[in-house]
Amino acid sequence: MLTHEIMGALALGILLVNGLLLIAAAYQEIAKLRALARVMKPLAHGRAGVGLVEAVIARGDGCRSIARHEIEQVGRSTDAGTIAFSDRAHKGELLGGSLAWGEGEESVSIDVPALSGAEIEIWVEQGARERAAVCPSPEAFTAAFGDARRARGYSRSVTVAMKEGDRVFVCGAIEESGEGLRAKPAPGGALILSSFDPRSFLSAARLRVFGFIAFAAIALGVCVAVCLWPPHFGTVSKIGAVLGIAYFLGVTPIGTAVRDSVRPPSRAFLRGRWDQPA
Amino acid sequence: MAAAVSKTGTRKPWLVKHPAEWRQIGIVSVYLGLLASMYFVPACRNVLFFAAACFFSFLNTIVIHNHLHQGIFHARRMNMFFRVVLSFGSLYPASANVASHNLVHHHFDDDGQPDWAAPENVTFKWHLLNLIHFPNVAGPNTFNGVTRWAPLSGHKEFRRQYMIEQVVAFGGTLALLAWDFWPALFFIVLPQLYGARCILRINLIQHDGCDTKSEWNHSRNFVGRAFNWIMCNNGYHTIHHNRAGLHWSTLDEAHRREVAPRINPALDEPSMVLYLLRTFLWNPTRKVIADVAAAERAAPALDLASRDKRRAEAEATASAEQAAVATPAAPSEASA
């Protein structure tokens with residue numbers, strides 16, 4: 001016979017294994033962030049190496065842009081009369097140009113080649129992406145809505161460019177090239193061009209993941225403790241079981257949300273919505 | 001009651017579209033009977049009943065899968081009612097399959113949007129942990145995706161049906177918990193969750209190590225006869241992806257005819273149990289099959305619609321079904 005004690009032990013075992021797996025998966029995200037942080041150590045001014053450089057875009061070969069971040073989206077109409085966008089692809093492309101590392105006479109030029117592919121990551125602030133995704137006009141909404149109502153949806157690309165004069169952070173391999181320097185992807189890694197200090201993203205991301213780990217562990221401990229509160233299978237124990245069910249069903253969506261929030265900015269979800277103009 | 005006669009003059013089975021569907025109805029009936037037995041009869045709370053309930057809970061999700069591809073009954077309202085029953089059995093709204101499985105999973109990441117249940121979602125080195133953890137990722141991905149899909153135009157009936165299924169599944173389970181808490185938790189909820197999480201794991205089992213870009217080597221098949229009898233031919237996964245409109249009872253013959261000449265032999269497993277033991281217990285690390293799609297390049301070409309066309313057909317079918325529920329046919333047309 002399967003007594004309450006046996007089944008209770010089984011249920012608690014499932015809860016514990018599951019909770020620990022979620023915590024372990026969150027640690028995998030920490031490991032990825034740590035690996036990124038290791039290549040983001042600032043380089044000494046003018047010196048080659050693998051690390052982080054803060055510079056200004058001196059020349060952009062793509063219509064005065066040195067890089068662009070592109071999100072391909074499809075918009076579909078909703079019954080509320082809006083257009084809901086889903087992301088199809090995230091792309092980063094270097095258009096070529098040069099950066100000025102340092103100021104005045106101490107400025108050193110870094111050549112940036114034209115490159116695209118998985119090893120190029122363009123990080124732009126979420127605010128800049130959202131501003132680029134705003135509906136430009138009521139006429140644009142009307143035109144888009146027609147396509148959005150069809151099976152194929154309304155396709156568009158949201159592009160954010162890095163232009164001459166913008167301050168950027170470069171993370172990758174800076175190597176000597178002729179009389180100057182050149183940027184390229186780090187060995188086994190990527191070349192990251194960011195419009196903000198990427199270390200701030202990493203810090204915030206690690207904090208979020210550690211926060212989730214702490215929450216998941218403490219909540220798990222509380223659930224188990226309340227479940228095991230004597231007398232077993234009494235009222236308090238029952239409350240613990242309810243908390244356990246809530247934990248089992250609730251902690252995974254929270255974990256997924258945290259995971260999505262620490263996606264590198266080059267692949268962060270944009271999605272978004274166009275509301276019908278007034 | 002006499003079977004109806006179709007417009008072509010052939011005799012149609014009573015109530016169900018295909019005689020084999022009684023197997024699925026039987027599976028669900030046995031499952032609900034096991035749950036009721038354990039809940040109401042203390043003598044039934046034993047290993048045999050519990051193990052059987054967990055197994056049939058998984059089969060209940062198999063029935064959800066088949067039923068959401070092709071409704072079991074002639075009458076559309078019966079099909080919608082059956083979805084509600086199935087939802088209680090698995091503690092999730094069965095209609096979620098429309099978006100997550102029929103539209104997204106069947107087309108992998110063809111349109112750039114990642115499959116919500118892609119094997120790449122889990123990355124532990126010890127592969128057994130991936131199997132256990134997979135529903136923790138695929139589950140929220142699925143429900144988030146359905147939440148984004150549901151508000152789109154033309155899905156009003158879907159939203160209504162989805163809400164009814166959630167109310168019955170969760171409300172019914174809560175009622176049982178309120179009536180008799182511990183038996184409900186141990187002998188209703190645990191089997192419900194077992195089946196729901198196993199059907200998510202099947203995505204990992206059936207696609208890990210395969211080439212989802214290929215036409216015939218995107219899935220792993222389990223071809224044992226007894227296995228497929230009880231699993232309603234869900235072991236034949238490649239042909240199911242490629243010809244989603246085929247009735248499940250015909251998949252074995254279609255697999256032998258179309259898939260077998262074009263598939264890497266490593267993707268035609270004779271036994272799921274042996275595969276699970278070999279893959280997740282005896283060899284702890286994840287394996288990749290080199291050039292898995294070689295066999296299909298050597299085989300003669302076959303008339304198979306492009307993936308874009310198949311996706312468009314699936315979306316059209318889903319839209320037509322929802323429109324049909326919104327404007328139910330007159331009684332004389334209900335069995336057409």
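Within 6.0 Å of CZ in A:Arg208 there are more than 12 heavy atoms belonging to other residues, nucleotides or ligands. In the displayed structure, A:Arg273 atom CZ is contacted under 6.0 Å by at most 12 heavy atoms of other residues, nucleotides or ligands. At most 12 non-hydrogen atoms from other residues, nucleotides or ligands lie less than 6.0 angstrom from OH of A:Tyr27. More than 12 heavy atoms of other residues, nucleotides or ligands shown are found within 6.0 angstrom of OH on A:Tyr154.
Side-chain contact between B:Val47 and A:Leu2 is present, with at least one heavy-atom pair separated by less than 4.5 Å. Two residues are said to be in side-chain contact when any heavy atoms from C-beta on lie closer than 4.5 Å; A:Leu22 and B:His133 meet this criterion. Proximity of A:Ile14 to B:Arg197: side-chain heavy atoms (C-beta onward) are nowhere separated by under 4.5 Å.
Considering all non-hydrogen atoms of both residues, B:Phe124 and A:Ala25 come closest at CZ-N, 3.7 Å.
With a 4.5 angstrom heavy-atom cutoff, A:Val242 touches chain B via backbone and side-chain atoms both. Only the backbone of B:Pro42 has a heavy atom closer than 4.5 Å to any heavy atom of chain A. Using a 4.5 Å cut-off between heavy atoms, A:Thr82 does not touch chain B at all. For A:Ile245, the part lying near chain B is the side chain, with the backbone staying farther off; criterion is any non-hydrogen pair under 4.5 Å. Of the two parts of A:Thr256, only the side chain, counted from C-beta on, holds a non-hydrogen atom closer than 4.5 Å to a non-hydrogen atom of chain B. Within the 4.5 angstrom heavy-atom criterion, only side-chain atoms of A:Leu10, from C-beta onward, approach chain B. Heavy-atom distances place the side chain of A:Leu249, and not its backbone, under 4.5 Å from chain B. Of the two parts of A:Ala257, neither the backbone nor the side chain holds a non-hydrogen atom closer than 4.5 Å to a non-hydrogen atom of chain B. When heavy atoms are compared at a cutoff of 4.5 Å, B:Phe186 approaches chain A by way of both its backbone and its side chain. Within the 4.5 angstrom heavy-atom criterion, no atom of B:Leu48 approaches chain A.
With hydrogens and angles disregarded, no donor-acceptor distance shorter than 3.5 Å links the side chain of B:Trp182 to the backbone of A:His4.
Interatomic distance, CG of B:Leu152 versus CD1 of A:Ile83, reported as 11.5 Å (0.5 Å rounding). To the nearest 0.5 Å, atom CZ of residue A:Arg271 and atom CZ of residue B:Arg148 are 3.5 Å apart.
Chosen from A:Ile6, A:Thr78, A:Asp260, the residue pairing most often with chain B at heavy-atom distances under 4.5 Å is A:Thr78. When B:Ser153, B:Pro183, B:Pro140, B:Ala150 are compared by the number of non-hydrogen pairs under 4.5 Å with chain A, B:Ser153 comes out ahead. For chain A, the option among B:Leu185, B:Thr123, B:Leu129, B:Ile132 with the highest count of heavy-atom pairs below 4.5 Å is B:Thr123.
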- [ ] Might you work through the side chain to side chain donor-acceptor pair (under 3.5 Å) test for B:Asn121 and A:Arg259, ending with a clear yes or no?
- [x] CA-CA 11 Å; B:Asn121 281 320; A:Arg259 181 205 61 192; 4.5 Å; no
